[in-house]
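Remarks on the structure that follows.
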Amino acid sequence: MSLYGAAKAVISPTTRAAWPLETEGLHHIPARGPVILACNHLSNIDPLFIGVAVPRPVVFIAKEELFAEGNAAQRAFTWALRSIGQLSVDRRPGQSSREAMEESLDVLREGRVFGIFPEGTRSPDGRLYRGQTGLAWLALSSEAPVVPMALCGTDRILPEGRKVPVLRRVGLRVGPPVDLSPWKGEAGKNRSRRAATDAIMAEIRRLSGQEQVPRFAASVKEEIRDRRRR
């Protein structure tokens with residue numbers, strides 16, 4: 001058994017016991033070959049539930065700050081995320097997001113499953129925000145299918161500012177791969193990347209039922225921080 005499989009064998013029963021997980025549509029995820037799982041983002045704990053629910057190992061790339069080494073609960077959470085395949089990336093100014101996308105492309109070229117949160121950061125208010133076009137670049141460059149997913153309930157487990165998760169029920173809905181054929185071979189075109197990303201986000205919204213906001217979550221969060229500083 002792989003390290004991923006061994007870790008999942010320990011993590012999965014505990015996670016499912018603490019947070020009953022209801023899933024729908026997992027059959028839409030191909031049993032083999034490269035695939036991108038594109039999901040809404042409500043909480044830092046989201047990758048854990050995707051890793052537990054999806055039968056295949058899933059690789060995530062996320063900001064370095066998620067891997068806290070503070071108290072015992074944070075260390076356990078960090079170990080769980082690393083064990084189920086999440087990789088940390090330095091997103092401070094001066095670091096290249098394109099480098100992160102290249103690493104993601106390598107994962108797909110190896111025929112593996114790559115998980116991504118196209119909003120780029122957690123939703124500040126439970127709504128679905130505009131997707132970053134790096135998702136479309138990755139999909140159109142790799143020609144890997146994009147399977148949309150939607151989590152619900154995780155924002156109540158580990159809301160922003162809380163360090164110890166609470167017990168709640170979680171849901172995960174998975175839809176069929178998004179048809180990106182209208183933009184095939186157009187990874188280098190800004191307009192095509194935006195249109196393809198919007199098509200993927202529309203499917204995520206259909207699965208999640210969230211209100212969709214035509215803005216980037218990061219800019220809204222920055223406005224919130226500015227208001228708090230005043």
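All residue numbers in this chain count up from 1 along the given sequence. Fair warning: this is a prediction, and the values are worked out from it, not measured in the lab.
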Indicate if [X] and [Y] have the same hydrophobic cluster label, given that clusters are the connected sets of ILVMFWY residues with side-chain heavy-atom separations under 4.5 angstrom.
{"X": "Met149", "Y": "Leu207", "result": "no"}
{"X": "Val113", "Y": "Phe49", "result": "yes"}
{"X": "Leu167", "Y": "Ile157", "result": "yes"}
{"X": "Tyr129", "Y": "Leu135", "result": "no"}
{"X": "Trp183", "Y": "Leu105", "result": "yes"}

Rounded to the nearest 0.5 Å, what separates atom [atom1] in [X] from atom [atom2] in [Y]?
{"X": "Ser104", "Y": "Arg112", "atom1": "OG", "atom2": "CZ", "value": "11.0 Å"}
{"X": "Arg193", "Y": "Leu140", "atom1": "CZ", "atom2": "CG", "value": "9.0 Å"}
{"X": "Arg205", "Y": "Leu128", "atom1": "CZ", "atom2": "CG", "value": "8.5 Å"}
{"X": "Leu108", "Y": "Glu110", "atom1": "CG", "atom2": "CD", "value": "9.0 Å"}
{"X": "Thr197", "Y": "Arg130", "atom1": "OG1", "atom2": "CZ", "value": "9.0 Å"}
{"X": "Ser181", "Y": "Glu143", "atom1": "OG", "atom2": "CD", "value": "11.5 Å"}

* Arg32: side-chain contact (heavy atoms from CB on, under 4.5 Å) partners, not counting sequence neighbours -> none

* To do: Apply side-chain contact (heavy atoms from CB on, under 4.5 Å) to Thr23 and list each qualifying residue two or more places apart in sequence or on a separate chain.
  => Leu21, Leu26, Ala53, Leu172

Listed partners of [X] passing salt bridge (charged side-chain N to carboxylate O under 4.0 Å, His left out), at least two apart:
{"X": "Arg173", "value": "Glu24"}
{"X": "Arg127", "value": "Asp125, Glu211"}
{"X": "Asp179", "value": "none"}
{"X": "Glu22", "value": "Arg169"}

Minimum heavy-atom distance [X]-[Y], with the two atoms named:
{"X": "Cys39", "Y": "Pro118", "answer": "O-CD, 3.2 Å"}
{"X": "Arg122", "Y": "Ala217", "answer": "O-CB, 4.2 Å"}
{"X": "Trp19", "Y": "Pro165", "answer": "CZ2-CB, 3.8 Å"}
{"X": "Val54", "Y": "Lys8", "answer": "O-NZ, 2.5 Å"}
{"X": "Pro20", "Y": "Ala17", "answer": "CD-O, 4.4 Å"}
{"X": "Ala187", "Y": "Trp137", "answer": "O-CD1, 3.7 Å"}

* **Of Val178, Val107, Leu138, the residue whose pairing with Ile36 passes side chain to side chain contact (heavy atoms under 4.5 Å, CB included)** =>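 For Ile36, the side chain to side chain contact (heavy atoms under 4.5 Å, CB included) test succeeds with only one of Val178, Val107, Leu138, which is Leu138.
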
Applying side-chain hydrogen bond (donor to acceptor under 3.5 Å, both in side chains), can you list everything that pairs with [X], at least two apart in sequence or on another chain?
{"X": "Thr154", "result": "Asp46"}
{"X": "Gln132", "result": "none"}
{"X": "Glu186", "result": "Ser192"}
{"X": "Arg227", "result": "none"}

* To do: Indicate whether the side chain of Gln210 and that of Asn40 have a donor and an acceptor atom separated by less than 3.5 Å.
  => yes

* Taking the side chain from Ser219 and the backbone from Arg215, do they hold a donor-acceptor pair closer than 3.5 Å? ->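 No, the answer is negative, given that no donor and acceptor are paired below the 3.5 Å cut-off.
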
* Output yes when a side-chain donor or acceptor of Arg56 lies under 3.5 Å from a complementary backbone atom of Pro30, and no otherwise. =>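 Confirmed, Arg56 side chain pairs with Pro30 backbone.
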
* Asked: Mind checking who shares a hydrophobic cluster with Leu42, ILVMFWY linked at side-chain heavy-atom distances under 4.5 Å?
  ->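 Other cluster members: none.
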
* Asked: Apart from Phe216 itself, what residues make up its hydrophobic cluster when side-chain heavy atoms of I, L, V, M, F, W and Y under 4.5 Å apart count as a link, directly or indirectly?
  -> none

* Asked: Run the side-chain contact (heavy atoms from CB on, under 4.5 Å) check on Thr15 and Leu48 step by step: do they pass?
  -> CA-CA 9 Å; Thr15 301; Leu48 177 62; 4.3 Å; yes

* To do: Give the C-alpha distance, both sets of side-chain angles, the deciding distance and a yes or no for salt bridge (charged side-chain N to carboxylate O under 4.0 Å, His left out) between Arg228 and Glu222.
  => CA-CA 10 Å; Arg228 289 174 179 171; Glu222 184 60 34; over 6 Å; no

* Asked: Can you find a pair of side-chain heavy atoms, one from His41 and one from Glu119, that are under 4.5 Å apart?
  -> yes

* Taking the side chain as every heavy atom from C-beta outward, state whether Phe60 and Phe114 have any atom pair closer than 4.5 Å. => no

